[in-house]
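Quick caveat: nothing in here was measured; it's all calculated off a predicted structure. Every heavy atom of this structure was used, including side-chain atoms; hydrogens, water molecules and symmetry mates were not. To find a chain, count down the sequence lines: A is the first, B the second, and so on, and within it residues start at 1.
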Protein chains: 2
Amino acid sequence: MALSPKEKEALEFIEAYFVDNGFPPTVREIGEAIGFTSKSSVYKLLRRLEAKGYLEIVPGEARGLRLIRPARGIPVLGKIPAGEPLIPYEDFEEVLPVDPSFFGAEKLFALRVKGDSMVGAGILPGDLVVIRVTEEAKNGEIVAAVLTEPEPEVTLKRLELKNGTLVLKPENLSYEPFVFEKEDVARGRVKILGVMVGLIRKGLNPAL
Amino acid sequence: MALSPKEKEALEFIEAYFVDNGFPPTVREIGEAIGFTSKSSVYKLLRRLEAKGYLEIVPGEARGLRLIRPARGIPVLGKIPAGEPLIPYEDFEEVLPVDPSFFGAEKLFALRVKGDSMVGAGILPGDLVVIRVTEEAKNGEIVAAVLTEPEPEVTLKRLELKNGTLVLKPENLSYEPFVFEKEDVARGRVKILGVMVGLIRKGLNPAL
DNA sequence: CTCTTAAGAGAACAAAAGTTCGCCAAGGTG
DNA sequence: CACCTTGGCGAACTTTTGTTCTCTTAAGAG
């Protein structure tokens with residue numbers, strides 16, 4: 001079910017508060033944060049959030065709020081990132097229950113690997129690659145990039161920069177590198193989303 | 001600093017309560033759980049836990065307890081597991097801030113990979129392999145096993161069982177398989193600690 | 001033996017917090 | 001228009017909860 005603006009604001013506040021403090025906020029604190037003067041209004045809003053499945057109210061208990069979706073995690077990028085702001089943190093069905101600070105950064109997302117073009121770097125199809133959002137990548141780093149032509153597509157490759165040209169190298173001899181000249185980059189035919197900072201595999205070989 | 005039995009009991013209760021409920025317990029609840037009839041005693045105990053660095057008390061706030069070490073995570077097995085109970089959950093310096101249920105089980109630990117004997121399975125040296133504790137492993141699964149001779153050592157290999165013999169196969173042609181006959185197994189020369197259910201990599205190539 | 005400290009009991013209290021009830025304005029619908 | 005639902009306000013009330021104070025007991029040090 002969709003969230004009204006105030007409901008969304010409240011839910012985001014609760015999650016942020018939880019991350020900062022280690023326990024949920026009180027009804028009053030939520031009210032203050034979203035600009036409600038009456039606690040009963042907040043309470044009703046919480047009931048709505050409960051009905052919509054975003055949290056659970058434990059009756060009678062101080063700070064008795066239980067968040068359903070994990071407050072802290074790494075969102076999995078499902079579709080191709082068309083828009084620019086990127087990572088609206090909504091729109092992600094799946095969130096990995098992993099504290100982002102473990103990978104040394106806050107702005108992260110995960111990408112499910114398709115294909116075996118990076119097996120040489122120990123990256124199997126089905127693996128979840130953790131990407132730190134940045135446009136600045138160094139030589140030799142593995143980057144997530146979006147190729148705009150012929151149609152938008154996200155790919156994971158090792159980056160190689162030599163005097164102006166940008167090369168995306170697979171880690172598998174059966175595949176050819178992608179080479180972009182200076183003007184290709186300038187025209188936005190390739191765009192770096194971020195650099196790989198980690199990997200999470202569920203199962204032995206997730207593709208099977 | 002060391003914890004007294006009651007302090008340890010209280011801390012474990014707080015952590016368990018937090019995992020179950022999503023928020024910390026009240027002073028009274030802790031008292032009930034550890035058998036204290038007076039709240040002030042609990043409060044003093046909490047102050048001690050705070051002084052020892054295990055939690056933080058937010059003054060005046062209901063359920064204002066902040067746990068320092070993550071309540072839910074996967075312990076990293078540092079040394080060789082000599083004792084039998086295994087996974088005392090103490091003794092682990094490092095705990096991965098990952099919800100164990102993500103890997104579909106509760107009794108888990110992680111093992112830091114040494115050497116490149118499993119690169120063929122996409123497992124690099126330095127990787128953290130997530131192991132589900134069990135002694136029953138099927139053919140083809142990757143297992144963590146302890147070899148007792150010549151001296152105790154933990155290893156990660158693919159399991160192969162054929163009519164009584166137990167083979168631990170590396171996933172790298174430069175290494176030879178370990179073969180154990182029925183009597184080797186009976187004599188405890190090899191013991192399966194658990195099966196691999198996942199992998200976590202921090203960085204591009206954690207060994208570097 | 002006396003003094004001190006650690007660890008807990010019990011009572012008392014003020015502040016914090018959840019919950020309910022009634023009221024109201026806006027917006028849609030027949 | 002009359003009616004209903006949605007989403008908000010305010011007041012009142014009861015619990016829950018944190019916190020402090022004053023004992024009590026047991027163990028150790030000197």
Side-chain angles (χ1 to χ4, degrees), chain A residues 1-68 71 90, chain B residues 1-68 71 90:
Chain A
M1 220 176 315
L3 291 179
S4 80
K6 279 294 177 190
E7 289 167 357
K8 190 184 162 199
E9 194 182 345
L11 185 60
E12 282 172 358
F13 168 74
I14 296 170
E15 289 173 346
Y17 186 103
F18 190 86
V19 169
D20 289 345
N21 297 281
F23 45 83
T26 67
V27 175
R28 284 166 184 76
E29 287 168 330
I30 300 170
E32 258 176 72
I34 65 175
F36 274 22
T37 37
S38 172
K39 293 163 291 173
S40 62
S41 309
V42 181
Y43 201 72
K44 281 203 222 169
L45 186 154
L46 291 177
R47 282 243 178 79
R48 275 178 264 149
L49 283 177
E50 186 179 33
K52 292 180 182 180
Y54 287 90
L55 51 80
E56 211 172 315
I57 301 174
V58 184
E61 310 280 17
R63 301 174 189 274
L65 299 178
R66 202 173 291 160
L67 287 171
I68 299 300
E90 304 293 303
Chain B
M1 222 175 314
L3 291 179
S4 80
K6 278 295 178 190
E7 289 167 356
K8 189 183 162 200
E9 193 182 346
L11 185 60
E12 281 171 0
F13 169 74
I14 296 171
E15 288 173 346
Y17 187 103
F18 190 86
V19 170
D20 289 346
N21 297 280
F23 46 82
T26 67
V27 176
R28 283 165 183 76
E29 286 168 330
I30 299 169
E32 258 176 74
I34 66 176
F36 275 20
T37 37
S38 171
K39 292 162 293 172
S40 62
S41 310
V42 181
Y43 202 72
K44 282 203 223 170
L45 187 153
L46 290 177
R47 282 242 178 79
R48 273 178 266 149
L49 283 177
E50 186 179 32
K52 293 180 182 179
Y54 286 90
L55 50 79
E56 211 173 316
I57 301 175
V58 183
E61 309 281 19
R63 301 173 189 273
L65 299 178
R66 200 173 291 161
L67 287 171
I68 299 300
E90 305 292 305

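If you take CZ of A:Phe36 and C1' of D:dC9, they are 10 Å apart, rounded to a whole angstrom. In this structure, CD1 of A:Ile57 is placed 11 Å from C1' of C:dT19, rounded to the nearest angstrom. If you take NZ of B:Lys52 and C1' of C:dA6, they are 11 Å apart, rounded to a whole angstrom. Between the NZ atom of A:Lys6 and the P atom of C:dA26 there is a distance of 17 Å, given to the nearest Å. Atom CD in B:Glu61 sits about 15 Å away from atom C1' in C:dG18, given to the nearest Å. The nearest whole Å value for the distance from the CD atom in B:Glu32 to the P atom in D:dG18 is 13 Å. D:dG7 atom P lies 18 Å from atom OH of A:Tyr43, rounded to whole Å. Between the CZ atom of A:Arg28 and the C1' atom of D:dT15 there is a distance of 12 Å, rounded to whole Å.
Look at B:Arg47 and you'll find a side-chain N or O under 4.0 angstrom from OP1 or OP2 of D:dT20.
Side-chain atoms of B:Ser38 and base atoms of C:dG10 include a donor and an acceptor less than 3.5 Å apart. A:Lys44 contributes a side-chain N or O that forms a donor-acceptor pair with the base of D:dG8 under 3.5 Å. In the interface, the side chain of A:Ser41 is not paired with the base of D:dG7 through any donor and acceptor atom under 3.5 Å apart. Taking 3.5 Å as the limit, the base of D:dG7 and the side chain of A:Arg48 contain no donor-acceptor pair of atoms between them.
Atom-to-atom distance recorded for A:Lys6:NZ and A:Leu45:CG is 9.0 Å, nearest 0.5 angstrom. Taking CG of A:Leu65 as the start and CZ of A:Phe18 as the end, the distance is 10.0 Å to the nearest 0.5 Å.
The residue A:Ser40 sits close to a base: some heavy atom pair falls under 4.0 Å. Nucleic acid contact for B:Arg63: sugar-phosphate only, since backbone atoms but no base atoms lie under 4.0 Å from a heavy atom of the residue. Within the 4.0 angstrom heavy-atom criterion, base atoms lie near B:Lys39.
Taking every heavy atom of both residues into account, A:Ile57 and A:Arg47 meet most closely at CD1-N, 4.0 Å.
Here the side chains of A:Pro24 and A:Leu67 are not in contact, with every heavy-atom distance at 4.5 Å or above.
Proximity note for B:Thr37 (side chain, C-beta onward) versus D:dG18, C:dT19, C:dG10: the nearest is C:dG10.
When the nearest nucleotides of DNA chain D are assigned to B:Val27 and A:Gly35 by heavy-atom distance, the more 5′-ward of the two goes with A:Gly35.
Note on ring orientation: taking the six-membered ring where Trp is involved, the planes of B:Phe23 and B:Tyr17 are perpendicular (angle over 60°, cut-offs 30° and 60°).
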